[in-house]
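Comments concern the structure below.
Throughout, a chain's letter reflects where its sequence line sits, starting with A, and its residues are numbered from 1.
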Amino acid sequence: MPELPEVETTRRGIAPALLGSRIADMIVRERRLRWPIAAKFETAVRDQIVHGVDRRAKYLLIRVGTGTVILHLGMSGSLRLVSRDTPAKKHDHWDLILDSGMVLRFHDPRRFGSLLWTEDDPARHPLLKKLAPEPLSQEFNGAYLFKITRKRAVAIKQFIMNSHTVVGVGNIYASEALFRAKIAPRRAARRITQAEAVKLANAIKAVLKAAIKIGGTTLRDYVNADGAPGYFRQKLFVYERAQAPCRVCKSPVKQFTQGQRSTYWCSTCQH
DNA sequence: ATGGGCACCTGGCTGC
DNA sequence: TGCAGCCAGGTGCCCA
């Protein structure tokens, strides 16, 4: 479900309610997420004060006095802030109950999400330590992208979705960024020119920023912390628009499969 | 190291 | 109505 803009929208939505609050209790209804929720989790977070709500790639980091909650929304996960008396629905797997009376509730039908606890620096956690730069950082730029694409035979779309290249570019925004940069998704990464690397890095930044600005993309069931959808769907050039006329040149948008994921592109605009 | 494919899971939609 | 088949925003892991 969520890509970086949706995760960031969620982070911004939950941070004000969490920061400075005390976690009064935690309720786990289903421990079987991507990795089982540790038995000690409830004890570890109980009575802790939240002093940070951060994001690294698509992981949300909730920092408390004794450690950090590392959570991932997977494909179908979402977080909502609800009042304490809101009944839990199907697939509402856990609640963090704040002493304010608010509840941070995790909903995830497919259970690809995860909830992990670390007492170490989260940046050193095995799942985080090898991640590439953040797409919106200065470290990620055309020169960097050009350099790491040399000698790489994989298709550029799969390359930009690889978390060793850059983090946070999922299936929607990979197609959208390539459209904006006018690069065909099947091009070998090593065939991208220096100028194209600059255009692509900038396109990735631009599309993610634009999506964050209006709350991300809602395709099926994504909602932010208040339960509202994101509006970036109306701004998509190619994603889920197979057969529809390209918004630039009117020729039909094409679809094919790369690495078991659907790719959308315009063969007239992209080369 | 690199690239490719599979696995994890539920639900919604399509077509017979 | 039922059911099979396919598809869906992610990513870690295993294999060649």
For nucleotides 4-8 of chain C, tabulate all protein N/O to nucleotide N/O atom pairs closer than 3.5 Å, reporting atom names and distance.
from	atom 1	to	atom 2	distance (Å)
C/dA8	OP1	A/Ser262	OG	2.7
C/dA8	N3	A/Arg110	NH1	3.3

Who pairs with [X] by salt bridge (Lys or Arg N to Asp or Glu O under 4.0 Å), at least two apart in sequence or on another chain?
| X | result |
| --- | --- |
| A/Arg191 | none |
| A/Arg110 | none |
| A/Arg124 | A/Asp120 |
| A/Arg105 | A/Asp95 |

For residues 203-215 of chain A, please give each side-chain donor-acceptor pair under 3.5 Å, one per line with the distance, not counting sequence neighbours.
from	atom 1	to	atom 2	distance (Å)
A/Lys205	NZ	A/Pro135	O	3.0
A/Lys205	NZ	A/Ser137	O	2.7
A/Lys205	NZ	A/Phe140	O	2.6

Expressed as a whole number of angstroms, how long is the span from [X]:[atom1] to [N]:[atom2]?
| X | N | atom1 | atom2 | answer |
| --- | --- | --- | --- | --- |
| A/Leu71 | C/dG10 | CG | C1' | 14 Å |
| A/Lys130 | C/dG12 | NZ | C1' | 11 Å |
| A/Phe112 | C/dC13 | CZ | P | 15 Å |
| A/Gln258 | C/dG9 | CD | P | 13 Å |
| A/Glu3 | C/dG10 | CD | C1' | 9 Å |

What is the first contacted nucleotide of DNA chain B and what is the last, in 5' to 3' order, if contact means an atom lying under 4.0 angstrom from a heavy atom of chain A? B/dT2 to B/dG11
Just to be sure I follow the notation: if a pair is Watson-Crick (purine N1 to pyrimidine N3 plus N6-O4 or O6-N4) or a G-U wobble (N1-O2 and O6-N3), each under 3.5 Å, what dot-bracket string does DNA chain B give, with | for pairs to another strand? .|||||||.|||||||
Tell me what A/Arg111 touches on the nucleic acid: a base, only sugar-phosphate, or nothing, going by heavy atoms under 4.0 Å. sugar-phosphate
Using a heavy-atom cut-off of 4.0 Å across all strands, would you classify A/Phe232 as base, sugar-phosphate, or nothing?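 Nothing, no nucleic acid heavy atom in range.
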Can you list the residues that meet the side chain to side chain contact (heavy atoms under 4.5 Å, CB included) rule with A/Thr257, with sequence neighbours excluded? none
By side chain to side chain contact (heavy atoms under 4.5 Å, CB included), A/Ser114 pairs with (sequence neighbours left out) A/Arg34, A/Trp35, A/His72
Is the CZ atom of A/Arg22 crowded by more than 12 outside heavy atoms at less than 6.0 Å? yes
Exceeds 12 heavy-atom contacts within 6.0 angstrom, atom CD of A/Glu139: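 12 or below, so no.
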Can you label the angle between the A/Trp265 ring and the A/Phe256 ring as parallel, tilted or perpendicular, going by 30° and 60°? perpendicular
Tell me, please, whether A/Phe159 has A/Arg187 positioned over its six-membered ring: NZ or CZ under 6.0 Å from the ring centre and within 45 degrees of its axis?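 Pair A/Arg187/A/Phe159 does not count as cation-pi.
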Evaluate A/Glu196 against A/Lys199 for salt bridge (charged side-chain N to carboxylate O under 4.0 Å, His left out), listing each step before the verdict. CA-CA 5 Å; A/Glu196 285 173 330; A/Lys199 278 174 67 179; over 6 Å; no
A/Trp35 side chain: which of C/dG12, C/dG9, C/dG10 is closest?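 For A/Trp35, the side-chain atoms sit closest to C/dG12.
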Ranking C/dG12, C/dG9, C/dT11 by distance to the side chain of A/His72, first place goes to C/dT11
Which residue pairs satisfy the salt bridge (charged side-chain N to carboxylate O under 4.0 Å, His left out) criterion with at least one member in residues 231-245 of chain A, sequence neighbours excluded?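 Applying salt bridge (charged side-chain N to carboxylate O under 4.0 Å, His left out) to every pair that reaches into residues 231-245 of chain A, excluding sequence neighbours, yields A/Arg220-A/Glu240, A/Arg233-A/Glu240.
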I'd like the P distance from B/dG3 over to C/dG9, given in whole Å. 22 Å
Does anything in residues 151-167 of chain A reach DNA chain B, meaning a heavy atom under 4.0 Å, and if so which residues?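 Going residue by residue through residues 151-167 of chain A, the ones with a heavy atom under 4.0 Å of DNA chain B turn out to be A/Arg152, A/Ala153, A/Val154.
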Salt bridge check, A/Glu6 against A/Lys58: does any charged N sit closer than 4.0 Å to a carboxylate O?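 Looking at A/Lys58 and A/Glu6, the cut-off is not met.
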